[in-house]
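Data first, discussion second: the structure below is written as structure tokens.
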There are 4 protein chains.
Amino acid sequence: MNKTANADEPLTRGHKKRERTRQGLIDAALRLFARKEVGDVALLEVANEAEVASGTVYNYFRTRDEVVEAVGLALADEFADTISTLSIGVDSGSRRLSIGVRMFIRRAIADPDWASAVIRVVHLDQAIRSKIANQVLADLRAGIEEGAFSYADENIALDLVVSCGVGGMRAVVEGRQVEDHDIKVAEMVLKALGTTPARARKLAQQKLPG
Amino acid sequence: MNKTANADEPLTRGHKKRERTRQGLIDAALRLFARKEVGDVALLEVANEAEVASGTVYNYFRTRDEVVEAVGLALADEFADTISTLSIGVDSGSRRLSIGVRMFIRRAIADPDWASAVIRVVHLDQAIRSKIANQVLADLRAGIEEGAFSYADENIALDLVVSCGVGGMRAVVEGRQVEDHDIKVAEMVLKALGTTPARARKLAQQKLPG
Amino acid sequence: MNKTANADEPLTRGHKKRERTRQGLIDAALRLFARKEVGDVALLEVANEAEVASGTVYNYFRTRDEVVEAVGLALADEFADTISTLSIGVDSGSRRLSIGVRMFIRRAIADPDWASAVIRVVHLDQAIRSKIANQVLADLRAGIEEGAFSYADENIALDLVVSCGVGGMRAVVEGRQVEDHDIKVAEMVLKALGTTPARARKLAQQKLPG
Amino acid sequence: MNKTANADEPLTRGHKKRERTRQGLIDAALRLFARKEVGDVALLEVANEAEVASGTVYNYFRTRDEVVEAVGLALADEFADTISTLSIGVDSGSRRLSIGVRMFIRRAIADPDWASAVIRVVHLDQAIRSKIANQVLADLRAGIEEGAFSYADENIALDLVVSCGVGGMRAVVEGRQVEDHDIKVAEMVLKALGTTPARARKLAQQKLPG
DNA sequence: CATGAATGAGACTTCATTCAT
DNA sequence: TATGAATGAAGTCTCATTCAT
């Protein structure tokens, strides 16, 4: 359609604005999911929160479900990024896993709204869970390699890590946070995965990168 | 509201039927929650499923939310009953806890619809979680007493048990079940709580009562 | 559902009212179709015209299209009735056909709103056309039997009768009515079908029953 | 509105392209009317079909209705042209009329999409009908002059010709086409207009020009 | 108490139209 | 002029809730 279009820079001018609006809608939805169950958020609210007209939403998403899906994808991508970044320079799988669990809980402490939204979206969106899974699996296997872990079933271990991570975030959101919450959860998770108590404690308490 | 009601003897005749209808509605709602998110279940569907007219629902519940709440309460009560029953004749806290976790997962295997509904309701209903908590807390403390457990924080331990139990049920519902799923989850939970690996394995594999 | 229901009288009490409301909606829609193209009539208008709330429409029709369809069916049934009634005591096919054509045009003259709606619905609704077709076909064949008609193709003859009937109604609705409009159209139709001019004129001018 | 426009020579450069775009929009709309009722065609669809952006439509038409109107006008003009062309070298009114009716039906056979669109636009657009009327009227009168026709009312005759022509097109579009459909319709129309059966048959079967 | 028709608020979605680029 | 994002009115449809029977 664009006679002079060029595959390298398809994100010029209008595209930037378009992308900004789209992101604004996703952010707005996420903010609302912090306060309300996903199914209770009306698209008009999203539009208002994003400061656009109701119809504008439909220039970016064909249907309500697509909005939710987009939020899920955005979260999943963000998760993947976060975990990747955290892992840079950490060679041990068990340590990466500990760091990962702790960081999510610490972020929940720092931004409970974000955490609340995450919990709700994760509950609905199977896709987001499997995106996280890939990262965690790698750490689990590395942990096995390095002799830090020992468990009967990889998939169950995976579920346990995710469940406990989300559970920790939920505790924070619901005001049941305790001191060193992240460390304590990580320690228990490591023990569940077969790390010895002493090592688990030490691992869980290690200073976080950054 | 009850013109002549009186707390003692009004449980005759009509009352039995009344109670049956009410329970029928709650059961119907629970069946529907197995298939759909709570917010997506219309009261008319509940009425149809319970084989009463739409208006009848309002003879038992003032509002839609009350129906959901009642389902939550019913589940919580059932949980408490189940756990109490299981505990009869089991003197060890760690063993009771292991049995509890396993029984919930086994029930999920036997009745995935029930499990699906439970997962959804538990997600929404804070009250149901604290009801379970009471039972679990007792077991945790007994486990500490008997030297089987060792953890940094009771509340976190509690969250972990519940998270992993629900996580196990979710795995089953989503078709990620593995062999001896209940045993493997219980084993990991016990290790997280500080039980030694050998003892955790043995405890988790013990024959279930009944 | 109705324990004491009885197949003979399923239209008791509530049913009567239900039927009345339903008919009221169909009538309301028909009145509106007289003024506006079918696609331009909003269901809320129908509800207002029928003096019920907007939601009530959906207690009777699942979707907008079902309303239109119901109007089409109602019209088709009415047509069939009208034609049947007219045919009572008229033994000649050609005469029945002439009467039929004339009656529709006369009704258009008497009630142009009705005619306007009919023209619009007929345009959209294939079903209504085939309902009429059955009646007309019988008359065409009888006309052939009695030697009054002579044409190359039955289906084309059918189309012609319907087209000219509707065309006559349209002329009336659009204010192009002339004296003895019904008679003149009928006469031409009869000639088209192969009736001799003299006989056509006589047939078309015969006194109408009733 | 046209700053420097002037009825004579502004048809240079950009104007050609302008005219082409405008025509492209009209053609696009017509193609869409083949598939959907006029009221169900969105302007955005028209723009897409014409391969222009949605806003561009408004450089050529002030409003949606103007687009529909333009389609109607374009069709009417095309009709007039077609009929004029057909009439060249045909001196008899009755023959011209027969040719006209047949050509429309044959075109419907050759291009049912076009026919479908025509039927829909004709239904809505009174203007288009009167444009055709002028041409037909001339033929009717000529037919009277030459003694081929004999009918009670000119306006009714006109309606009949148009109704049957459109009816024939509709039959084709709806898949009820028969062999020599055009000839058979023409023959019946001629008889309706008072042509003797023998002459009607001969006239209707005459070879078409071109 | 049971019924189910009626209600109307509110959600979703579409689309003609405007306007900055 | 062309573009396409933004707008918001309007329509479709759902459903919790009320109420007469």
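Just so it is clear: chains get the letters A, B, ... in the order the sequence lines come, proteins before strands, and each one is counted from 1.
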Decide if atom CD of D:Gln126 counts as having more than 12 heavy atoms of other residues, nucleotides or ligands within a radius under 6.0 Å.
->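 Yes, the 6.0 Å shell around CD holds more than 12 heavy atoms from other groups.
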How far does [atom1] of [X] sit from [atom2] of [Y], to the nearest 0.5 angstrom?
X	Y	atom1	atom2	result
C:Phe61	C:Leu25	CZ	CG	5.5 Å
B:Glu78	B:Ile128	CD	CD1	9.0 Å
A:Tyr58	A:Thr63	OH	OG1	6.5 Å

Is there a donor in the side chain of B:Glu37 and an acceptor in the side chain of A:His123, or the other way round, less than 3.5 Å apart?
->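 A donor-acceptor contact under 3.5 Å links the two side chains.
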Rounded distance (Å) that lies between atom [atom2] of [N] and atom [atom1] of [X]:
X	N	atom1	atom2	answer
D:His15	F:dT1	NE2	C1'	12 Å
C:Lys16	E:dA5	NZ	C1'	17 Å
D:Arg22	F:dT1	CZ	C1'	16 Å
A:Lys17	F:dT3	NZ	P	18 Å
D:Asn48	F:dA2	CG	C1'	14 Å
C:Glu51	E:dT7	CD	P	10 Å
D:Leu25	F:dT1	CG	P	13 Å
C:Phe61	E:dA5	CZ	P	13 Å

Does A:Asn59 make a side-chain donor-acceptor contact with the base of F:dA6, cut-off 3.5 Å?
->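 When only heavy-atom distances are counted, A:Asn59 does reach the base of F:dA6 through a donor-acceptor pair under 3.5 Å.
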Using a heavy-atom cut-off of under 4.0 Å over every strand shown, decide if D:Tyr60 touches base, sugar-phosphate, or nothing.
->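 Sugar-phosphate only.
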Please work out if C:Val57 contacts a base, only the sugar-phosphate, or nothing of the nucleic acid, heavy-atom cut-off 4.0 Å.
->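 Nothing, no heavy atom under 4.0 Å.
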So which protein nitrogen or oxygen atoms get under 3.5 Å of nucleotides 11-14 of chain F's nitrogens or oxygens?
unit_1	atom_1	unit_2	atom_2	d
F:dT12	OP1	C:Arg64	NH1	2.8
F:dT12	OP2	C:Leu43	N	2.9
F:dC13	OP1	C:Thr63	OG1	3.3
F:dC13	OP2	C:Tyr58	OH	3.0
F:dC13	OP2	C:Arg64	N	2.9

What's the verdict on side chain to side chain contact (heavy atoms under 4.5 Å, CB included) for C:Arg35 and C:Glu45, showing C-alpha distance, side-chain angles and the deciding distance?
-> CA-CA 12 Å; C:Arg35 290 178 238 151; C:Glu45 292 179 86; over 6 Å; no
Any side-chain heavy atom of A:Tyr60 sitting closer than 4.5 Å to one from A:Glu66?
->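 Of all side-chain heavy-atom pairs linking A:Glu66 with A:Tyr60, none is under 4.5 Å.
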Are any of C:Thr21's side-chain N or O atoms less than 4.0 Å away from OP1 or OP2 of E:dA6?
->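 Answer yes for this pair, as a side-chain N or O of C:Thr21 is under 4.0 Å from OP1 or OP2.
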Is any side-chain N or O of B:Thr56 closer than 4.0 Å to OP1 or OP2 of E:dT3?
->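 Yes, because at least one side-chain N or O of B:Thr56 sits under 4.0 Å from OP1 or OP2 of E:dT3.
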Can you give the dot-bracket line for DNA chain E, using ( ) for pairs inside the strand, [ ] for pairs that cross earlier ones, | for pairs with another strand and . for unpaired bases, where Watson-Crick and G-U count if both distances are under 3.5 Å?
-> .||||||||||||||||||||
Check: D:Pro112 main-chain N/O paired with D:Ser116 side-chain donor or acceptor under 3.5 Å =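 Checking the backbone N and O of D:Pro112 against the side chain of D:Ser116, no donor-acceptor pair under 3.5 Å is found.
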What residue pairs, at least two apart or across chains, pass salt bridge (Lys or Arg N to Asp or Glu O under 4.0 Å) with a residue in residues 22-32 of chain C?
->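 Qualifying pairs, neighbours excluded: C:Arg31-C:Glu49.
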